[in-house]
There are 2 protein chains.
Amino acid sequence: MRSYLKLRYQQFIKKNNLKSSKRRDLIFDFVTRTKGHFTADEIYQETLKIDPGIGIATVYRTIRLLVNCGILLEQTFGEKKGYFEVNDINSKHHDHLICTACGKIIEFRCDIIEDDKQRIAELHQFKINSHKLEIYGICSECQLK
Amino acid sequence: MRSYLKLRYQQFIKKNNLKSSKRRDLIFDFVTRTKGHFTADEIYQETLKIDPGIGIATVYRTIRLLVNCGILLEQTFGEKKGYFEVNDINSKHHDHLICTACGKIIEFRCDIIEDDKQRIAELHQFKINSHKLEIYGICSECQLK
DNA sequence: ATTCGTGCAAATGCTTTGCACCCAC
DNA sequence: GTGGGTGCAAAGCATTTGCACGAAT
């Protein structure tokens, strides 16, 4: 279902005279199989279980490659470190609800924001590329604690 | 006009058994006089002109103090470093248009987002504290280049 | 005297990079 | 055998912290 990602990955490799490798493929497989958001270290810890020889530098280099070819999106969620998610063109753009108590991240869609965005862009003569809406609060579970 | 900030600063100092000092006051003065967004290093460079003995650690410690007492808001704008702005209770919440070419940050207000936010919160049983909407694009000037 | 503020330098956390080596074609 | 991939360690960058000293009460 997400096979177009593999294609994009392979074409990017070819176009830039790079090579695929066992470790790159391992990281590609992990991220494209994983839903939601993950950090570089989480990718590292998971791939380490399968290939104990992998290094954190390879993880960071491959993340950069996947961001550059549009397979991964990078976010910060207000923190000073990167969170990554698959840029799935089959699912529409979504935004994030972030629980400041437990760190849980929930995705949601909001069409009205899409329209507003255009209105604001025209007002300031901006040519919009993307947006991020993050709503911070306390999730239902943490409200009970 | 922003004298309530000075009051809040002084009360916070007193309540937490801290002291005001020449250097803290200098940083407080700089940030409350400055419009828009600034980094820790920008505060440091500016205060350095007035007090060449000031250290970067004092700047960071004072920023933390001002964030804790609600005078400064911290943002990341997708980067892995902090940007600060005065939390002016007299002006309503605003969001940001960010030019990815020149880095310019423009503030705007959007009431519809305020309403949508509540709808989304109810849907996910979230108790909302705040939100950040960042729209990325190319500003009118950079479109001409 | 005590308490807090400060500069300096070291430490931190996350990320990138230089380099020598390894592998695949 | 050449070009790219990789681990390792070092460097980078923003930020925080330990410590000894300094200032104010």
Side-chain angles (χ1 to χ4, degrees), chain A residues 9-31 37-69 72-84 103, chain B residues 9-31 37-69 72-84 103:
Chain A
Y9 169 63
Q10 289 165 341
Q11 289 178 342
F12 187 87
I13 295 270
K14 180 179 278 185
K15 200 180 65 175
N16 293 83
N17 295 315
L18 305 174
K19 295 173 185 168
S20 75
S21 74
K22 259 181 71 168
R23 283 171 179 167
R24 270 187 190 164
D25 291 350
L26 175 60
I27 293 166
F28 172 86
D29 287 343
F30 171 73
V31 303
H37 308 82
F38 33 82
T39 62
D41 194 60
E42 282 163 2
I43 299 173
Y44 178 56
Q45 297 304 332
E46 288 305 311
T47 52
L48 207 53
K49 292 178 187 169
I50 297 162
D51 181 350
I54 203 166
I56 189 78
T58 297
V59 172
Y60 275 107
R61 282 188 273 239
T62 305
I63 287 173
R64 224 22 80 203
L65 186 160
L66 295 174
V67 168
N68 288 340
C69 77
L72 285 183
L73 292 176
E74 182 167 12
Q75 310 247 76
T76 58
F77 297 126
E79 294 180 51
K80 291 174 192 109
K81 58 188 265 199
Y83 287 83
F84 303 91
Chain B
Y9 169 62
Q10 289 165 339
Q11 289 178 342
F12 187 86
I13 295 269
K14 180 179 278 186
K15 200 180 63 174
N16 293 83
N17 295 315
L18 305 174
K19 295 174 186 167
S20 76
S21 74
K22 260 182 72 169
R23 283 169 180 167
R24 270 188 191 159
D25 290 349
L26 175 60
I27 293 165
F28 172 86
D29 287 343
F30 171 74
V31 303
H37 307 83
F38 34 82
T39 62
D41 194 59
E42 281 163 4
I43 299 173
Y44 178 56
Q45 297 303 332
E46 287 306 312
T47 52
L48 208 52
K49 292 177 187 168
I50 297 163
D51 180 351
I54 204 167
I56 190 79
T58 296
V59 172
Y60 276 107
R61 282 188 273 238
T62 305
I63 287 173
R64 224 24 79 202
L65 186 160
L66 295 174
V67 169
N68 289 340
C69 77
L72 286 183
L73 292 176
E74 183 166 11
Q75 310 248 81
T76 57
F77 297 127
E79 295 181 49
K80 290 176 193 106
K81 58 189 263 201
Y83 287 83
F84 303 91

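Among all heavy-atom pairs drawn from R24(A) and K19(A), the shortest one is NH1-O, 2.6 Å. In terms of heavy atoms, V59(B) sits closest to I27(B) at CA-CD1, 3.8 Å. Pairing each heavy atom of I54(A) with each of Y44(A), the nearest pair is O-CE1, 3.5 Å. F84(B) approaches A40(B) most closely through the heavy-atom pair CE1-N, 4.1 Å.
Here the P atom of nucleotide dA23(D) and the CZ atom of R23(B) are 10 Å apart, to the nearest Å. Rounding to whole angstrom units, CD1 of residue I56(B) and P of dT15(D) are separated by 9 Å. dC14(C) atom C1' lies 10 Å from atom CZ of F84(A), rounded to whole Å. In this entry the distance linking CG of D25(B) with P of dA24(D) reads 12 Å, nearest Å. For the pair L65(B) CG and dT16(D) P, the computed distance is 13 Å after rounding to whole Å. The nearest whole Å value for the distance from the NZ atom in K19(A) to the C1' atom in dC23(C) is 8 Å. Going from atom CG of N16(B) over to atom P of dG5(C) covers 10 Å, rounded to whole Å. For L72(B) and dT15(D), the CG to P distance is 13 Å, given to the nearest whole Å.
For a distance-only test at 3.5 Å, the side chain of K81(A) fails to qualify as a donor-acceptor partner of the base of dT15(C).
Between T39(A) and dC14(C), a side-chain N or O to OP1/OP2 separation shorter than 4.0 Å is absent. Taking only side-chain nitrogens and oxygens, S21(B) never comes nearer than 4.0 Å to OP1 or OP2 of dA23(D). For dT6(C), the OP1/OP2 oxygens have no side-chain nitrogen or oxygen of R61(B) closer than 4.0 Å. Between Y60(B) and dT16(D) there is no side-chain N or O to OP1 or OP2 distance below 4.0 Å. Between R64(A) and dT16(C), a side-chain N or O to OP1/OP2 separation shorter than 4.0 Å is present.
Between H37(A) and F77(A), the ring planes are perpendicular. Angles over 60° get that label, and only those under 30° would be called parallel.
Summary of the strand contacts: S20(B) and K80(B) both lie near DNA chain C, and taking for each the nucleotide with the nearest heavy atom, the more 5' one is attributed to S20(B).
In this structure, N17(A) reaches the sugar-phosphate backbone alone: every heavy-atom distance under 4.0 Å involves primed, P, OP1 or OP2 atoms, never a base.
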